[in-house]
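Down below is the structure, laid out as structure tokens.
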Amino acid sequence: MKLKELLENLEYTLIQGSLETEVTAVENDSRKVTENALFFCISGTVFDGHCYAAEVVDKKASVIVVEKEIDLSKDQDITVIRVKSTRYAMGMICAAFYGNPSDKLTVIGVTGTKGKTTITYMIKSMLESAGHKTGLIGTIESIVGDKITPASNTTPESLIMQKTLREMVDAGLDSVVMEVSSQGLMLDRVAGISFDYGIFTNLSEDHIGPNEHKDFKEYLGWKAKLFTLCRKGIFNIDDEHYEEILKGHTCEVVTFGMKDGADYQAKEWKLFKEAGCLGITYQLNGKYKEQVTVSLPGEFSVHNSLAAIAVAKEMGVDMETILQILTEIHVKGRVELIPISDSFTILIDYAHNAVSLESILTTLKAYQPKRLVSLFGCGGNRSKVRRYEMGEVSGRLSDLTIITSDNPRDEEPQAIIEDIKTGMAKTNGEFIEIADRKEAIRYAILNARQGDVIVLAGKGHEDYQEIKGKKYHMDERDLIKEVLEEEDVTKICGYNNRYFT
């Protein structure tokens, strides 16, 4: 492809070379550069791509895109393009290189502090049940047809993003739902993407600090950016920051929430608990009137489901399909029910800090369990404060805490457990320590009582344990299955396995 074709939607300065230069690949990693590739010099927090300009010249790259001066001789056989931001240019150029794939898909972006992952899976399930071939890009994984790739970032770099969207088009998909993080917006990872729908879930303090956002105002501002990029915005009207997020929007507005006037309004919500399952029901008002049942616990499931309903209905999905999906939805590692008993409830959740642990425990406590049991550990090579805080939260809210191992990394698991116990000591909470996570899960299952709610916290969707620089396979679902295979299940309270059979 000619360079001039890649630059059509971009402001730039030709420093040297020719716009007729042929480009056969696009890269931002100098190690992957091949002959006739275009290389983006990205100014990162650790590495500066401008320092590798000479290296890519030696590898016979055809074009270098820069945002500042580089030390190259005028007679070197390479074209140099200067732009204001190489990150933004990377999104726009990669979009053109891959044939602007987002123009060929219905693109749904979800932003906010909480709920993004659950909402994306809800929407994907609804659209697929209605016949849409739908891809997903998010915190857990990207899904292109049968191809599943574990995620490294919530919102991938634009080069990976555009390539993935191209793969979706080539695979015959017609839509994609993606999580759009504030970092993804700030770092132009979604540059070159045409969004049809944008969803605002909620906003609370998060991702503020070094290498992220300097303050809450900046964090909010980047979240709001999505609603200058999409055609139709779907907003949580109940969130206290709704009006601020709405400022500067250029999209059509659709609202959801519990307040009167919402286009998709939930009224008269109630928690329900039956046969080891936890969920919520509510009356849908506004554009449509229906009784909704969601097989995920907690008040936040009302807002998550409303957001998904709004998108699905705006895209023409019939209500019967939507309601059916909500009665059977589950999301890996997000209050994920593992139905092995009619007498007690066991859930897997990604809660891995004090705020998220307090949120899930408070949510589950509302179901008035006989006992609330939390099982968790903390990661090694991380702040001790997190361990103290999580111990204190669990000691305060749980009836029993089972302290175990998470990703110890380079630390000794027992040392991490001792730190958690320091936080526990500030409470009167009952606890037991079992360093081996499988044995901790075995204890939780074999000692479960009628009416208990047990949450395995911290690992969520992760299927590994990191020890001394190596990742070993460890999926809590597998551990539960192994325990059931190794034990006399007739001794397990209310055993009725609907998950592994």
**OP:** Using a strict cut-off of less than 4.0 Å between a Lys/Arg side-chain nitrogen and an Asp/Glu carboxylate oxygen, indicate whether Arg387 and Glu411 qualify as a salt bridge.
**Re:** yes
**OP:** Check step by step if side chain to side chain donor-acceptor pair (under 3.5 Å) holds for Asp478 and His473.
**Re:** CA-CA 10 Å; Asp478 294 341; His473 178 77; 2.9 Å; yes
Original post:
In terms of side-chain geometry, is the basic nitrogen of Lys421 or Glu418 positioned less than 4.0 Å from the acidic oxygen of its partner?
Top reply: yes
Original post:
How far does SG of Cys94 sit from CZ of Arg189, to the nearest 0.5 angstrom?
Top reply: 13.5 Å
Original post:
Among side-chain atoms of Thr154 and Ser181, is any donor-acceptor pair under 3.5 angstrom?
Top reply: no
Original post:
Can a salt bridge be assigned to the pair Glu482 and Arg477 using a cut-off of 4.0 Å between side-chain N and carboxylate O?
Top reply: no
Original post:
Considering the options Glu485, Glu476, Glu486, which one meets the salt bridge (charged side-chain N to carboxylate O under 4.0 Å, His left out) requirement together with Arg442?
Top reply: Glu486
Original post:
Say you draw a straight line from CG of Leu187 to CE of Met90; how long is it, rounded to the nearest 0.5 Å?
Top reply: 9.0 Å
**OP:** Determine whether more than 12 heavy atoms belonging to other residues, nucleotides or ligands lie under 6.0 Å from atom CD of Gln368.
**Re:** no
Original post:
Do Arg87 and Glu67 sit within salt-bridge range, that is, some charged N less than 4.0 Å from a carboxylate O?
Top reply: no
Original post:
Once the angle between the rings of Tyr52 and Phe47 is folded into 0 to 90°, is it parallel (under 30°), tilted (30 to 60°) or perpendicular (over 60°)?
Top reply: perpendicular
Original post:
Could Asp342 and Arg498 be called an ion pair, given the rule that one side-chain N must be under 4.0 Å from one carboxylate O?
Top reply: yes
Original post:
Considering only heavy atoms from C-beta outward, does the side chain of Ile123 approach that of Tyr121 to under 4.5 Å?
Top reply: no
**OP:** Could you tell me whether the side chain of Thr113 reaches within less than 4.5 Å of the side chain of Tyr219, counting heavy atoms only?
**Re:** yes
Subject >> Greater than 12 external heavy atoms within 6.0 Å of Lys147's NZ >> reply: no
**OP:** Say whether, by atom type as modelled, one donor and one acceptor occur between the side chain of Asn407 and the main chain of Arg409 under 3.5 angstrom.
**Re:** no
Original post:
Side-chain donor-acceptor pair under 3.5 Å between Asn381 and Asp410, yes or no?
Top reply: yes
Original post:
Should the pair Tyr242 and Phe235 be assigned to parallel (<30°), tilted (30 to 60°) or perpendicular (>60°) ring geometry?
Top reply: perpendicular
Subject >> Thr117 and Tyr350 side chains, donor-acceptor separation under 3.5 Å >> reply: no
Original post:
In this structure, which one of Ile346, Val373, Leu361, Leu375 forms a side chain to side chain contact (heavy atoms under 4.5 Å, CB included) with Val455?
Top reply: Leu361
Original post:
Less than 4.0 Å between a side-chain N and a carboxylate O, is that true for Lys370 and Asp452?
Top reply: no
Original post:
Are the charged groups of Glu128 and Lys124 less than 4.0 angstrom apart, N to O?
Top reply: yes
Subject >> Heavy-atom side-chain contact between Met258 and Glu299 under 4.5 Å >> reply: yes
**OP:** Could you tell me whether the side chain of Met178 reaches within less than 4.5 Å of the side chain of Val110, counting heavy atoms only?
**Re:** no
Original post:
Are a donor atom and an acceptor atom from the side chains of Thr293 and Thr281 found within less than 3.5 Å of each other?
Top reply: no
Subject >> Donor on one side chain, acceptor on other, His241 and Asp239, under 3.5 Å >> reply: no
Original post:
Are Asp238 and Lys259 close enough for a salt bridge, meaning some N to O gap below 4.0 Å?
Top reply: no
**OP:** Take Asn28 and Glu157 through the test side chain to side chain donor-acceptor pair (under 3.5 Å) and record every step on the way to the result.
**Re:** CA-CA 10 Å; Asn28 65 343; Glu157 285 286 5; 5.1 Å; no
**OP:** Report the distance from atom NZ of Lys116 to atom OG1 of Thr155, rounding to the nearest 0.5 Å.
**Re:** 8.0 Å
Subject >> Nearest-0.5 Å distance that lies between atom CD in Glu141 and atom CG in Leu136 >> reply: 7.0 Å
**OP:** Give a yes or no on whether Tyr88 atom OH has more than 12 heavy-atom contacts from other residues, nucleotides or ligands under 6.0 Å away.
**Re:** no
